[in-house]
Amino acid sequence: MTAEELSFPIYLTLKVCGFSFVLFLLLGTSLAFWFARSRHSIVKAVEFLVTLPLVFPPIALGYLHLLVLGTKSVRWVLQ
């Protein structure tokens, strides 16, 4: 591989990592502040949705993605 072929994937990886870091920093800080200060009942539901990807196995999520986004998904949903 040449240097040009390697530079694009590295640049893209760094760009995505930087963007996700900023996004997680802003969303994570604001959600943590909201969770700590609020006593509404909706907080428990949002907290559940936020922590769901941490506890749900990645294989099950992958299988769910295949069911929802697979080639036969439209027929599966319509039946």
Side-chain angles (χ1 to χ4, degrees):
M1 287 188 139
T2 64
E4 292 176 2
E5 291 174 337
L6 285 176
S7 64
F8 178 71
I10 292 172
Y11 171 72
L12 185 61
T13 301
L14 291 175
K15 187 175 170 181
V16 169
C17 286
F19 178 74
S20 63
F21 174 75
V22 170
L23 186 67
F24 286 144
L25 186 68
L26 294 175
L27 286 176
T29 305
S30 61
L31 276 174
F33 184 76
W34 184 52
F35 289 163
R37 300 286 178 181
S38 182
R39 297 290 174 223
H40 296 292
S41 60
I42 193 76
V43 171
K44 295 292 182 186
V46 174
E47 188 175 352
F48 172 76
L49 290 175
V50 168
T51 58
L52 187 63
L54 296 173
V55 296
F56 203 62
I59 293 174
L61 283 175
Y63 180 68
L64 183 65
H65 280 122
L66 285 175
L67 284 178
V68 173
L69 302 174
T71 57
K72 297 180 181 180
S73 64
V74 175
R75 283 185 256 148
W76 176 70
V77 171
L78 294 177
Q79 289 180 353

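Atom set for the values below is all heavy atoms of this structure, side chains included, hydrogens, waters and symmetry mates excluded.
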Run the side-chain donor-acceptor check on residues 52-64: report pairs under 3.5 Å with partners two or more places apart or on a different chain.
none

Under 4.5 Å side-chain linkage, directly or through intermediates, the cluster mates of L14: I10

Can you name the residues that form a side-chain contact (heavy atoms from CB on, under 4.5 Å) with E5, not counting sequence neighbours? M1, T2

V50: hydrophobic cluster co-members (side-chain, 4.5 Å): L31, W34, F35, I42, V43, V46

ILVMFWY cluster membership beyond F24 - transitive side-chain contacts under 4.5 angstrom: none

Could you check whether any side-chain N or O of T29 sits under 3.5 Å from a backbone N or O of L26, counting only pairs where one atom can act as donor and the other as acceptor? no

Residues at least two apart in sequence or cross-chain that pass side-chain contact (heavy atoms from CB on, under 4.5 Å) with A36, listed by chain then number, are none

